[in-house]
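Starting from 1, each residue takes its place in the sequence as its number. Atoms within each ligand, like the ligands themselves, are counted from 1 in listed order.
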Amino acid sequence: MKACFMGLGYIGLPTAIIAAKNGVQVVGVDINPKVVEMTNQGKLHIIEPGMEEMLQEVVKAGSLKAATVPEVSDAYFMVVPTPFKGNHEPDISYVESATRAVLPLLKEGDLYVIESTSPVGTTDKMKDLIFSERPELIDNIYIAYCPERVLPGNVIYELVHNDRVIGGINDESTDKAIAFYSQFVHGTLHSTNSKTAEMCKLTENSSRDVQIAFANELSLICDKAGINVWELINLANKHPRVNILQPGCGVGGHCIAVDPYFITAEFPMESKIISQAREINNYKSFWCAEKVQSEMLKFELEHHYKPCVAMMGLAFKPNIDDLRESPAKYIVTKVMQSCNNANILVVEPNVKEHNVFKLTDYRDAYEKADIIVFLTAHEPFRALECREDKVILDFCGIFKK
Ligand code: SAJ
């Protein structure tokens, strides 16, 4: 069986590698020639533990090759980004152009799958596009939607062991897609229709966003009421049916802070909680930046000099080096703008160099600064001693004090 993966990003490339390792002849397609070149040399252009060794193995064995254009295959997978436009409307143009690229290659009996997070109805739209251009394929090819669910940093394990939801445009399509994924997925493959599978992906990430918003809302209430939110949540979670998540400096990454908009854009009247959650989580970052600025002003009035501030963490979540859509980065930028970059030390232990921020070692910054702002709960920060002589703004529960 030969399969073509359209998109060699954070999901497409690992999936292509795992499929190639499990007997599938894979062509990985990307519009970026640099990505194609690196992949063919066995070099990973993304950061994912353990993945490069696997890539080298499948490239060497000849079971995976990368190219800028697709090749005739038996199965085609759309694993391209679905960002949103300025007004939070989903943009499915990459899915559409990847589909148009494989359209001329499709033949009877082929499988076409969308993995990209997509608004409800996208699979039907692509089905209509395929059948309008290639009417002879109606009832002759299999079309399905199968979202990914992996957590960056744990991709190898989760790609194989997570359950998956697979929704075809008809039962035959669902079965055909299940047969493909069962070659390398050990988790259960749950069958449904394409619309439910699309909504399922959006629901999973919106659910997490809503739960984090609840924790963030509590943190704002507790700040006003003079209550330690970490202690409060810990105690509330002792109830057997309560499980509150952790507040932070906002929600980042390219999934949880994005996918809920795919629901709110299409169902604005019905998605009140989902849209409120987005607002609360965005507001939390703004609130954190304001809090740092007011603490700096207070310090200056009390001590008659401008404080040195350590901004601890830039990544969008703990123990990774991914800065994309990071609330910490937004807060650091906003604070730096407010003081013309003076006296701000920026720390990110998982990144060696950055083209915008001059990075300082976390121990040096902690020692030197008057105000310490914890933005991302990286593990090494937890080993620091909580110092009475510093002003500490702990937005991510390093000391839980
Ligand atoms: N966060 C909090 N408090 C928490 C948990 C997370 O503030 O208690 C913040 C993080 O700091 C980060 C953001 O939320 O800024 C998102 O982090 P995350 O670990 O919740 O999720 P992602 O974006 O890395 O991955 C999510 C996962 N989805 C769910 O857990 C429902 C993953 O399984 C998906 O595959 C991925 O989105 C995706 O690709 O959609």
Just going by heavy-atom distances, which of L375, N205, I320, I244 is nearest to atom 31 (C) of ligand 1?
N205
Where the closest heavy atom to atom 15 (O) of ligand 1 is concerned, which of F395, Y10, F316 has it?
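Minimum heavy-atom distance to atom 15 (O) of ligand 1 goes to F316.
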Under a 4.0 Å N-O cut-off, is there an ion pair linking [X] with [Y]?
X    : Y    : result
D74  : K107 : yes
E290 : K334 : yes
E367 : R387 : yes
D370 : K390 : no
E348 : K329 : no
R100 : E96  : yes
K2   : E71  : yes
E204 : R149 : yes
E300 : K298 : no

Please state which protein non-hydrogen atom is closest to [atom] and give its distance, to 0.1 Å?
atom                    : value
atom 33 (O) of ligand 1 : R149 O, 2.8 Å
atom 7 (O) of ligand 1  : I212 CG2, 3.4 Å
atom 3 (N) of ligand 1  : Q246 O, 2.7 Å
atom 39 (O) of ligand 1 : E148 OE2, 2.8 Å
atom 30 (O) of ligand 1 : R208 CD, 3.2 Å
atom 21 (O) of ligand 1 : I256 CD1, 3.5 Å

Only one of F77, Y142, Y112 forms a ring pair (Phe, Tyr, Trp, His ring centres under 6.0 Å) with F180, so which one is it?
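That would be F77.
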Yes or no: does G252 have any heavy atom under 4.0 Å from an atom of ligand 1?
yes
Between ligand 1 and V150, is the shortest N or O to N or O distance under 3.5 Å?
yes
Please indicate whether any nitrogen or oxygen in E158 is less than 3.5 Å from any nitrogen or oxygen in ligand 1.
no
Run the numbers for me: atoms of ligand 1, each under 4.0 Å from some heavy atom of [X], listed by number.
X    : answer
C255 : 36 (C), 37 (O), 38 (C), 39 (O), 40 (O)
E204 : 31 (C)
K201 : 34 (C), 35 (O), 38 (C), 39 (O), 40 (O)
L151 : 24 (O), 25 (O), 27 (C), 32 (C)
K317 : 10 (C), 11 (O), 12 (C), 17 (O), 18 (P), 19 (O), 22 (P), 24 (O)

